[in-house]
Amino acid sequence: MLARKSIIPEEYVLARIAAENLRKPRVRDRLPKARFIAKSGACNLAHKNIREQGRFLQDIFTTLVDLKWRHTLVIFTMSFLCSWLLFAIMWWLVAFAHGDIYAYMEKSGTEKSGLESTVCVTNVRSFTSAFLFSIEVQVTIGFGGRMMTEECPLAITVLILQNIVGLIINAVMLGCIFMKTAQAHRRAETLIFSRHAVIAVRNGKLCFMFRVGDLRKSMIISASVRIQVVKKTTTPEGEVVPIHQLDIPVDNPIESNNIFLVAPLIICHVIDKRSPLYDISATDLANQDLEVIVILEGVVETTGITTQARTSYIAEEIQWGHRFVSIVTEEEGVYSVDYSKFGNTVKVAAPRCSARELDEKPSILIQTLQKSELSHQNSLRKRNSMRRNNSMRRNNSIRRNNSSLIVPKVQFMTPEGNQNTSES
């Protein structure tokens, strides 16, 4: 059968499809920005093409501490096994050179008791017995079945050497395990930062703020906060600096620049002429390729180890015109902290211009505050009017219900023609 021709001409359909394809915007998925410091505090940096690998072996202890746990446990186990096997070979060679193995093979069971004063190590008949004696010497188990005699000075030398090597292996490996369990970044797991940072007006100035807290009761002594801005810049000579770090000051009334982190605190940075955020407005912030790195350092009260917690905020994680809600309340003489609201923010009035424009035109802040006051009053009026309307509707519904409950009057006719009215 022949296919039926369409009623609409084919040229019109093709033109319509082409026009629709042209009108549809082609949106490409935006690639996520590579951040220098992850939210967890880990450095997002990969080291490649390192030619001088031997430098890591020069600081073998730090290399062992930096390894993953599975690698450290494998090295821990293999170091003891290799030392036991090495000295087991040495003990077997000592017994073989002195002729102890042949003596035990030639003598019968009753004659072996007389060999204890002539052999180097008693009851070392094979490599297995030499391996067991090596473990007994290094771990100082001492089962009593095998022991040294005075016949071999070489065996005494091997004994001293194995004790020294065993002590070194114990010191290095146990110290490595201790340092891995007591690393400073373990304490940083309970130091938390707010998910977002905010920019709002505080004391008449635009401020960059974030919240930091400690979940443990043990304090961080001499805690200090540093803030850096990392962004890609180009020098006047045309040199591209991919990671340009700029320090920004922290607004702290204490001269020592230390914070008392007994409860969650809001760290504030005043955006002034010294700040890299001085020329950035609310509209420019979304297009900025910058990252604000926050570093919290202090000494752990219980261990005395210096710890460091890090996080970062990119442009998408900075909320303009927001403020953190209060989470510290006083209940029955005790200050209570509600960590469920740790990162919650509320929208507040804030000028959308940059800090430079705000300094040049202070009237912008006054106009913004006036507009927010008017909008607040309008919202209050709307809320009050809605409450009045709701109360009036409620009263009307109550009246209708009461009117429906009124008992109707019923008239009765008597035979004499009199009308009696009664209510049922």
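Just so it is clear, the values below take in all heavy atoms, side chains as well, and ignore hydrogens, waters and symmetry mates.
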S.K.: Just verifying a value: how many Å separate Ser83 OG and Phe87 CZ, rounded to the nearest 0.5 Å?
M.R.: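 That separation rounds to 7.0 Å.
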S.K.: Might you confirm whether atom CD of Glu360 has over 12 heavy atoms from other residues, nucleotides or ligands at distances under 6.0 Å?
M.R.: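 More than 12 within 6.0 Å, yes.
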S.K.: Show your working on salt bridge (charged side-chain N to carboxylate O under 4.0 Å, His left out) between Asp359 and Lys273 and close with a plain yes or no.
M.R.: CA-CA 10 Å; Asp359 290 342; Lys273 295 180 180 179; over 6 Å; no
S.K.: Which heavy atom of Leu261 sits nearest to which heavy atom of Leu296, and what is that distance?
M.R.: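 Answer, listing the atom of Leu261 first, then Leu296: CD2-CD2, 4.0 Å.
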S.K.: Check whether any side-chain heavy atom of Leu67 sits under 4.5 Å from a side-chain heavy atom of Ile75, and report yes or no.
M.R.: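 Yes, at least one pair of side-chain atoms sits under 4.5 Å.
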S.K.: Let me see the working for Glu357 and Ser281 under side-chain hydrogen bond (donor to acceptor under 3.5 Å, both in side chains), right down to the final yes or no.
M.R.: CA-CA 9 Å; Glu357 296 177 1; Ser281 63; over 6 Å; no
S.K.: Mark yes when over 12 heavy atoms from residues, nucleotides or ligands other than Lys347 sit less than 6.0 Å from its NZ; otherwise mark no.
M.R.: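 Incorrect, the count does not exceed 12.
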S.K.: Begin with the C-alpha distance, continue with both residues' side-chain angles, and end with the deciding distance and a verdict on side-chain contact (heavy atoms from CB on, under 4.5 Å) for Cys43 and Phe36.
M.R.: CA-CA 6 Å; Cys43 295; Phe36 189 57; 5.8 Å; no
S.K.: Spell out, as yes or no, whether a donor-acceptor pair under 3.5 Å connects the side chain of His269 to the backbone of Pro249.
M.R.: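 Yes; at least one donor-acceptor contact below 3.5 Å.
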S.K.: Looking at side-chain heavy atoms only, is the closest gap between Ile243 and Gln245 below 4.5 Å?
M.R.: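 Yes. Closest side-chain heavy atoms under 4.5 Å.
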S.K.: Can you measure from CG (Asp284) to CG (Asp279) and round to the nearest 0.5 angstrom?
M.R.: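 These two atoms lie 9.0 Å from each other.
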S.K.: Yes or no on side-chain contact (heavy atoms from CB on, under 4.5 Å) for His196 and Phe210, after CA distance, side-chain angles and deciding distance?
M.R.: CA-CA 7 Å; His196 296 85; Phe210 61 93; over 6 Å; no
S.K.: Evaluate the side-chain proximity of Trp69 to Thr181: yes if any heavy-atom separation is below 4.5 Å, no if none is.
M.R.: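 Sidechains of Trp69 and Thr181: in contact.
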S.K.: Taking the side chain as every heavy atom from C-beta outward, state whether Val212 and Leu191 have any pair of such atoms under 4.5 Å apart.
M.R.: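 With C-beta onward as the side chain, the pair stays apart.
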S.K.: With the side chain counted from C-beta on, respond yes when Ile314 and Val292 share a heavy-atom pair under 4.5 Å apart, and no when they do not.
M.R.: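 Of all side-chain heavy-atom pairs linking Val292 with Ile314, none is under 4.5 Å.
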S.K.: Report yes or no: does Lys231 contribute a side-chain atom to a donor-acceptor pair with the main-chain N or O of Glu291 at less than 3.5 Å?
M.R.: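 A pair under 3.5 Å: no.
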S.K.: Hydrogens and angles aside, do Thr345 and Gln319 bring a side-chain donor and acceptor to less than 3.5 Å of each other?
M.R.: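 Yes, Gln319 and Thr345 have a side-chain donor paired with an acceptor closer than 3.5 Å.
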S.K.: On a heavy-atom basis, which atom in Leu64 and which in Thr72 lie closest, and how many Å separate them?
M.R.: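 Looking at all heavy atoms of both residues, the closest pair is O-OG1, 3.5 Å.
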S.K.: Donor-acceptor pair, distance only, cut-off 3.5 Å: does the side chain of Thr235 make one with the backbone of Glu239?
M.R.: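 Yes, because the side chain of Thr235 sits within donor-acceptor range (under 3.5 Å) of the backbone of Glu239.
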S.K.: Enter the distance from Leu277:CG to Ile271:CD1 here, rounded to the nearest 0.5 Å.
M.R.: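 Nearest 0.5 Å value for the CG-CD1 distance: 5.0 Å.
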S.K.: How about Arg323: does its CZ atom have over 12 heavy atoms from other parts shown lying under 6.0 Å from it?
M.R.: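 Atom CZ in Arg323 is not crowded, with 12 or fewer foreign heavy atoms closer than 6.0 Å.
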S.K.: Between the main-chain N or O of Thr329 and the side-chain N or O of Ser336, is there a donor-acceptor pair closer than 3.5 Å?
M.R.: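 Such a contact is absent between Ser336 side chain and Thr329 backbone.
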S.K.: Can you tell me if Ser312 and Arg35 form a side-chain donor-acceptor pair at under 3.5 Å?
M.R.: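 Yes, a side-chain donor-acceptor pair sits under 3.5 Å.
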S.K.: Any chance CG of Asn203 has more than 12 other-residue heavy atoms, nucleotides or ligands included, within less than 6.0 Å?
M.R.: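 Open.
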S.K.: Donor-acceptor pair, Lys180 side chain versus Val65 backbone, under 3.5 Å?
M.R.: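 Yes; at least one donor-acceptor contact below 3.5 Å.
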S.K.: Might you point out which heavy atoms bring Phe131 and Trp84 nearest each other, and give the distance in Å?
M.R.: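 For Phe131 and Trp84, the tightest heavy-atom pair comes out as CE1-CB, 3.8 Å.
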S.K.: Minimum heavy-atom separation for Thr302 and Ser218, please, with both atom names.
M.R.: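 Distance-wise, the nearest heavy atoms are CG2-CB, 3.9 Å.
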S.K.: Test your reading of the model: is there a side-chain donor-acceptor pair from Thr157 to the backbone of Pro153, 3.5 Å cut-off?
M.R.: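 Side chain of Thr157 to backbone of Pro153: a pair is present.
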S.K.: Taking Cys120's backbone N and O only, do any of them form a donor-acceptor pair with Thr149's side chain (distance below 3.5 Å, no angle check)?
M.R.: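 Indeed, once roles are kept as given, a pair shorter than 3.5 Å links the two residues.
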S.K.: I would like to know whether Ser134 and Gln162 meet side-chain hydrogen bond (donor to acceptor under 3.5 Å, both in side chains); could you show each step before the answer?
M.R.: CA-CA 8 Å; Ser134 175; Gln162 185 172 6; 3.0 Å; yes
S.K.: Are Val225 and Ile259 close enough that some pair of their side-chain heavy atoms sits under 4.5 Å apart?
M.R.: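 Heavy-atom side-chain distance check passes, below 4.5 Å.
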S.K.: Nearest 0.5 Å, what's the CG-CG distance between Leu285 and Leu290?
M.R.: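 Between atom CG of Leu285 and atom CG of Leu290 there are 6.5 Å.
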S.K.: Could you measure the distance from the CD1 atom of Ile267 to the OG atom of Ser194? Nearest 0.5 Å is fine.
M.R.: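 The distance works out to 10.0 Å.
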S.K.: Between Ser79 and Phe76, is there a donor-acceptor pair closer than 3.5 Å when you use the side chain of the first and the backbone of the second?
M.R.: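 Judged by distance alone, yes, a pair lies under 3.5 Å.
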S.K.: Compare all side-chain heavy atoms of Phe127 with those of Ile89 and state whether any distance is below 4.5 angstrom.
M.R.: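 A side-chain contact under 4.5 Å exists here.
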S.K.: Near Phe178 CZ, under 6.0 Å, is it more than 12 heavy atoms from other residues, nucleotides or ligands?
M.R.: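 Check fails, neighbour count at 12 or below.
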S.K.: Can you check ring pair (Phe, Tyr, Trp, His ring centres under 6.0 Å) on Phe96 and Trp92, steps first, answer last?
M.R.: CA-CA 6 Å; Phe96 179 79; Trp92 185 83; 5.3 Å; yes
S.K.: Between Asn170 (side chain only) and Gly166 (backbone N and O only), is there a donor and an acceptor less than 3.5 Å apart?
M.R.: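 Yes; at least one donor-acceptor contact below 3.5 Å.
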S.K.: Quick one: does Val198's side chain get under 4.5 Å of Phe208's, heavy atoms only?
M.R.: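 A side-chain contact under 4.5 Å is absent here.
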S.K.: Apply side-chain contact (heavy atoms from CB on, under 4.5 Å) to Ile169 and Phe80, showing your working.
M.R.: CA-CA 8 Å; Ile169 293 176; Phe80 285 102; 3.9 Å; yes
S.K.: Could you point out which residue of Ile160, Leu159, Val158 forms a side chain to side chain contact (heavy atoms under 4.5 Å, CB included) with Ile156?
M.R.: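 It is Ile160, the one option of Ile160, Leu159, Val158 that forms the side chain to side chain contact (heavy atoms under 4.5 Å, CB included) with Ile156.
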S.K.: Can you name the closest pair of heavy atoms from Arg146 and Asn123 and give their distance?
M.R.: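 Nearest pair, atom of Arg146 first, then Asn123: NE-O, 3.5 Å.
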S.K.: Could you pull out the closest heavy-atom pair between Leu358 and Cys353, with the gap in Å?
M.R.: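 Minimum heavy-atom contact is N-SG, 4.1 Å.
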S.K.: As a quick check of understanding, evaluate side-chain contact (heavy atoms from CB on, under 4.5 Å) for Arg187 and Asp214, giving each step before the final call.
M.R.: CA-CA 10 Å; Arg187 179 62 176 87; Asp214 188 5; 2.9 Å; yes
S.K.: Hey, does the side chain of His322 reach the backbone of Trp320 with a donor-acceptor pair shorter than 3.5 angstrom?
M.R.: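 Yes; judged by distance alone, with no hydrogens or angles, the pair exists.
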